[in-house]
Protein chains: 2
Amino acid sequence: MGRRADHSRAELREIIISEGHRQMHEVGFAHFSAREVAKRVGYSIGTVYNVFGSYDGLILAINGRTLELWLDYLEARLCALDVDDDRLRGAIDAYFEFAIINRHAWAALYDFRLPDDIEPPEYYRQKVIAIMTVVEHEVAALLKVSRRSEAPELTRSLLATVHGHCFFTLNGTFRMLEEKDPLAAARARVADALARYW
Amino acid sequence: MGRRADHSRAELREIIISEGHRQMHEVGFAHFSAREVAKRVGYSIGTVYNVFGSYDGLILAINGRTLELWLDYLEARLCALDVDDDRLRGAIDAYFEFAIINRHAWAALYDFRLPDDIEPPEYYRQKVIAIMTVVEHEVAALLKVSRRSEAPELTRSLLATVHGHCFFTLNGTFRMLEEKDPLAAARARVADALARYW
DNA sequence: CCTTTTAATTGAACACTGTTTACTTTTACC
DNA sequence: GGTAAAAGTAAACAGTGTTCAATTAAAAGG
């Protein structure tokens, strides 16, 4: 078959990302298959390559979608809190919750790695930075004015801290080590750091 | 061919793990191939399945080897320090160094995940605990006596903290976020936590 | 020592994977 | 209407993990 008028390029892109994301959510990165996605959206595998260029391109697009959903989840949570609430705690909880609810899609963000010599596309970087920026805003609000300029580096470090706890929770390391309350531990480490910045 | 007297079961196991680990070190989890390992050790793929039961069994054995090497690396580092040195800092540095030197094999520890309903074998769990125990010893030494009993939970949390920083360093997240000195950040977060336990 | 049992080893077969490419069909444009 | 470009297909290729009947060599039994 040749060119069909079923969908525009943009629509087709959206359909494949959407079904691909569903697939990733259900079976996880290890069992994800580009061919299976093609089959489910009713196009051939060749078309998927036509739109995304490569397998890596498809995965990046799907992971990009996950990052968008993550940002939405985080913003929705913060939106529900006022300025008096412990908003950073809310952000940490949202980090864990999103990862647990969408564990396969979330894990795929880290299971997939580009070849060593290839940089992620700019659109992907922007989505990561967007999440970091939201958190940074909350971190900055908790620092004394004289140290506000350190908010970016502290935020990166706190993200890594929370990520480590979240990752060990979802990959089974904490189960092996009999850790019962990883979320509380993550909150405690963040509190420890902030105590020194005020 | 049938039964050969070339190697005992234990020798064969060792040969395959050793070559498998070399392979993992070179090409990483994504491009690792059990068939390729079989070819390189001069046995058929069927024999590999005979010895390890499954692909997952082989990967667990290889990752187990990585954990052994990691423990050795950590102990060698601590052995070179005396009681007056900042031994915990040495342990953190060794964590990063090992991960960087053996990045593919190290990443495979986290790239690979067992099916949700399957627990890792006891031998694997023991190796993880062994690493944690070495660190716990150093953490306990830095706590005031009245809080020594909290060493295990604090150690788990500090491991997660350092892991998060190390992971973000190696998977490119910190490059995207323009973090220049992840190791210093990891050390700082550990120091923040310890400041509250003394 | 010779036979039988048993364990080890093989390689072909199967159903999948990502990737490339020659080919066909449709659309858009002159 | 004819032509060039774009879109889409499906087959081919070289891999993968996994299974299993067949084969062979060592061990055990008499």
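Everything numeric here is computed off the predicted structure, so don't read it as measured data.
- Not one side-chain nitrogen or oxygen of B:S54 sits closer than 4.0 Å to the OP1 or OP2 atom of D:dG17.
- Nearest-nucleotide positions on DNA chain C place B:G42 closer to the 5' end than the other of A:A34 and B:G42.
- A salt bridge between B:R156 and B:E153 is absent, with no side-chain N of the basic residue lying under 4.0 Å from a carboxylate O of the acidic one.
- Residues satisfying the side chain to side chain donor-acceptor pair (under 3.5 Å) criterion with A:D111, sequence neighbours excluded, are B:R113.
- When the nucleotides C:dG18, D:dT18, C:dT9 are ranked by their closest atom to the side chain of B:Y49, D:dT18 comes out on top.
- Atom pair A:E36:CD and D:dT16:P shows a separation of 22 Å (rounding to whole Å applied).
- Using a 4.0 Å cut-off, no side-chain N or O of A:S33 falls inside it from OP1 or OP2 of C:dC16.
- Following rounding to the nearest Å, B:D6 (CG) and D:dT24 (C1') show an atom-to-atom distance of 13 Å.
- For B:R35, the side-chain atoms get nearest to C:dA13 when compared with the rest of D:dA10, C:dA13, C:dG18.
- Under a 4.0 Å N-O distance rule, the pair B:D93/B:R187 qualifies as a salt bridge.
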Taking it one step at a time, do A:V135 and A:V162 satisfy side chain to side chain contact (heavy atoms under 4.5 Å, CB included)?
CA-CA 12 Å; A:V135 178; A:V162 173; over 6 Å; no
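- Between the side chains of B:S54 and B:D56, no donor-acceptor pair of N or O atoms lies under 3.5 Å.
- Within the helix from C:dT3-D:dA28 to C:dC30-D:dG1, the inter-axis angle between the opening and closing five-pair segments is 10°, rounded to 10°.
- For the pair A:S44 and D:dT9, the criterion of a side-chain N or O lying under 4.0 Å from OP1 or OP2 is met.
- Listed by chain and number, the residues in a salt bridge (Lys or Arg N to Asp or Glu O under 4.0 Å) with B:R40 are B:E36 (sequence neighbours excluded).
- Looking only at atom types and distance, the side chain of A:R189 has no donor-acceptor partner in the side chain of A:T161 under 3.5 Å away.
- For the segment residues 11-18 of chain A, no residue has any heavy atom less than 4.0 angstrom from an atom of DNA chain C.
- As a whole-Å value, the separation of A:F52 CZ from C:dT19 C1' is 16 Å.
- For B:K39 and D:dT16, the NZ to P distance is 7 Å, given to the nearest whole Å.
- For A:R125, the side chain to side chain donor-acceptor pair (under 3.5 Å) test picks out A:E122, with sequence neighbours left out.
- Taking for each of B:H7 and A:Y55 the nucleotide of DNA chain C with the nearest heavy atom, the 5'-most of the two is the partner of B:H7.
- As rounded to whole Å, 11 Å separates atom P of D:dA7 from atom OH of A:Y43.
- In this structure, A:N50 places its CG atom 11 Å from P of D:dA6, rounding to the nearest Å.
- Separating the NE2 atom of B:H31 from the P atom of D:dG17 is a distance of 12 Å, rounded to the nearest angstrom.
- By the salt bridge (Lys or Arg N to Asp or Glu O under 4.0 Å) test, A:E150 is found to be paired with A:R147, residues two or more places apart in sequence or in another chain being considered.
- Salt-bridge formation is detected for the pair A:R65/A:E14: a Lys NZ or Arg NE/NH1/NH2 atom is positioned less than 4.0 Å from an Asp or Glu carboxylate oxygen.
- Closest approach to the B:I45 side chain among C:dT19, D:dT9, C:dA12 is made by C:dA12 (side chain taken as heavy atoms from C-beta onward).
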